[in-house]
Amino acid sequence: QVQLVESGGGLVQAGGSLRLSCAASGRTFSIYGMGWFRQAPGKEREFVAGIIWSGTGTYYTDSVKGRFTISRDNAKNTMYLQKNSTNLEGTAVYYCASRPGYTNYARLASYTYWGQGPQVTVSS
């Protein structure tokens, strides 16, 4: 199994920055890719960004391109999401997840393990 522990959630002002972290432990050798998803109140969980664990590819949903950056530190088995120029749509619970194989990086069903989901609230 893979355990994922997120940190870095909280309150941020619109236009500000916030960095989320996701530390992986356990069978990390089985991770092919990881991703960040978010779920706003009353909405479905949606893909935000993804990364191939080897560092060969990153992916973003259109609404965050140019503002969010996904990265990873293999030595620390940790993935990050740097959120810049946050807007009110950024208020959500953010989840990190890992997937074991070459599957659709934007689909929830591709991911096997999930973190607990810290809350991020963007204030105006």
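Residue numbers count from 1 along this sequence.
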*Check Gly35 against Tyr111 and note the closest heavy-atom contact, atom names and distance.*
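Scanning both residues completely, I find the closest heavy atoms to be N-CE2, 3.6 Å.
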For the residue pair Ala14 and Ser124, what are the closest heavy atoms and their distance?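 Nearest pair, atom of Ala14 first, then Ser124: CB-CA, 4.4 Å.
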Counting distance only, does the side-chain N/O of [X] pair as donor-acceptor with the main-chain N or O of [Y] below 3.5 Å?
| X | Y | value |
| --- | --- | --- |
| Ser110 | Thr103 | no |
| Gln119 | Gly10 | no |
| Arg27 | Phe29 | no |

- Heavy atoms, side chains only, cut-off 4.5 Å: are Ser123 and Leu11 in contact?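 They are in side-chain contact.
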Looking at side-chain heavy atoms only, is the closest gap between Arg67 and Lys83 below 4.5 Å?
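Of all side-chain heavy-atom pairs linking Lys83 with Arg67, none is under 4.5 Å.
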*For Lys43, check salt bridge (Lys or Arg N to Asp or Glu O under 4.0 Å) against everything at least two apart and list the hits.*
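Partners of Lys43 under the salt bridge (Lys or Arg N to Asp or Glu O under 4.0 Å) test: none.
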- Task: List in chain and number order the residues that pass salt bridge (Lys or Arg N to Asp or Glu O under 4.0 Å) with Glu46, two or more places apart in sequence or in another chain; answer none if no residue qualifies.
- Result: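 Here the qualifying residues are Arg38.
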> For Tyr102, does the OH atom sit with more than 12 other heavy atoms under 6.0 Å from it, leaving out its own atoms?
Replying inline: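 Incorrect, the count does not exceed 12.
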Original post:
If you round to the nearest 0.5 Å, how far is CD of Gln116 from OH of Tyr95?
Top reply: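 One gets 9.5 Å once the value is rounded to the nearest 0.5 Å.
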- Message: Measuring from atom CG of Leu108 to atom CD of Gln39, what distance do you get when rounded to the nearest 0.5 angstrom?
- Response: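 Result: 8.5 Å between the selected atoms.
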key: Side-chain hydrophobic cluster, 4.5 Å single linkage: members besides Val5   =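 Once heavy-atom contacts under 4.5 Å are chained together, Val5 still belongs with nothing else.
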task: List, by chain and number, the other hydrophobic cluster members for Tyr113, where Ile, Leu, Val, Met, Phe, Trp and Tyr join if side-chain heavy atoms come within less than 4.5 Å, directly or indirectly.
output: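 Hydrophobic cluster check, Tyr113: joined to Val2, Leu4, Val12, Leu18, Leu20, Ile31, Met34, Trp36, Val48, Ile51, Trp53, Tyr60, Val64, Phe68, Ile70, Met79, Leu81, Leu88, Tyr94, Val120, Val122.
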Any residue meeting ring pair (Phe, Tyr, Trp, His ring centres under 6.0 Å) with Tyr59, in chain and number order, not counting sequence neighbours: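 Per chain and number, Tyr59 pairs via ring pair (Phe, Tyr, Trp, His ring centres under 6.0 Å) with Tyr105.
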So, using side-chain contact (heavy atoms from CB on, under 4.5 Å) as the criterion, who are the partners of [X] when residues are at least two apart?
| X | answer |
| --- | --- |
| Gln3 | Gln1, Ser25 |
| Thr56 | Ile52, Ser54 |
| Ser71 | Tyr80 |

Qualifying salt bridge (Lys or Arg N to Asp or Glu O under 4.0 Å) pairs, either residue in [range], two or more places apart:
| range | value |
| --- | --- |
| residues 71-80 | none |
| residues 110-124 | none |
| residues 112-124 | none |

- Query: What side chain to side chain donor-acceptor pair (under 3.5 Å) pairs are there with at least one residue in residues 8-21, not counting sequence neighbours?
  - Reply: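 Those involving residues 8-21 are Ser17-Asn84.
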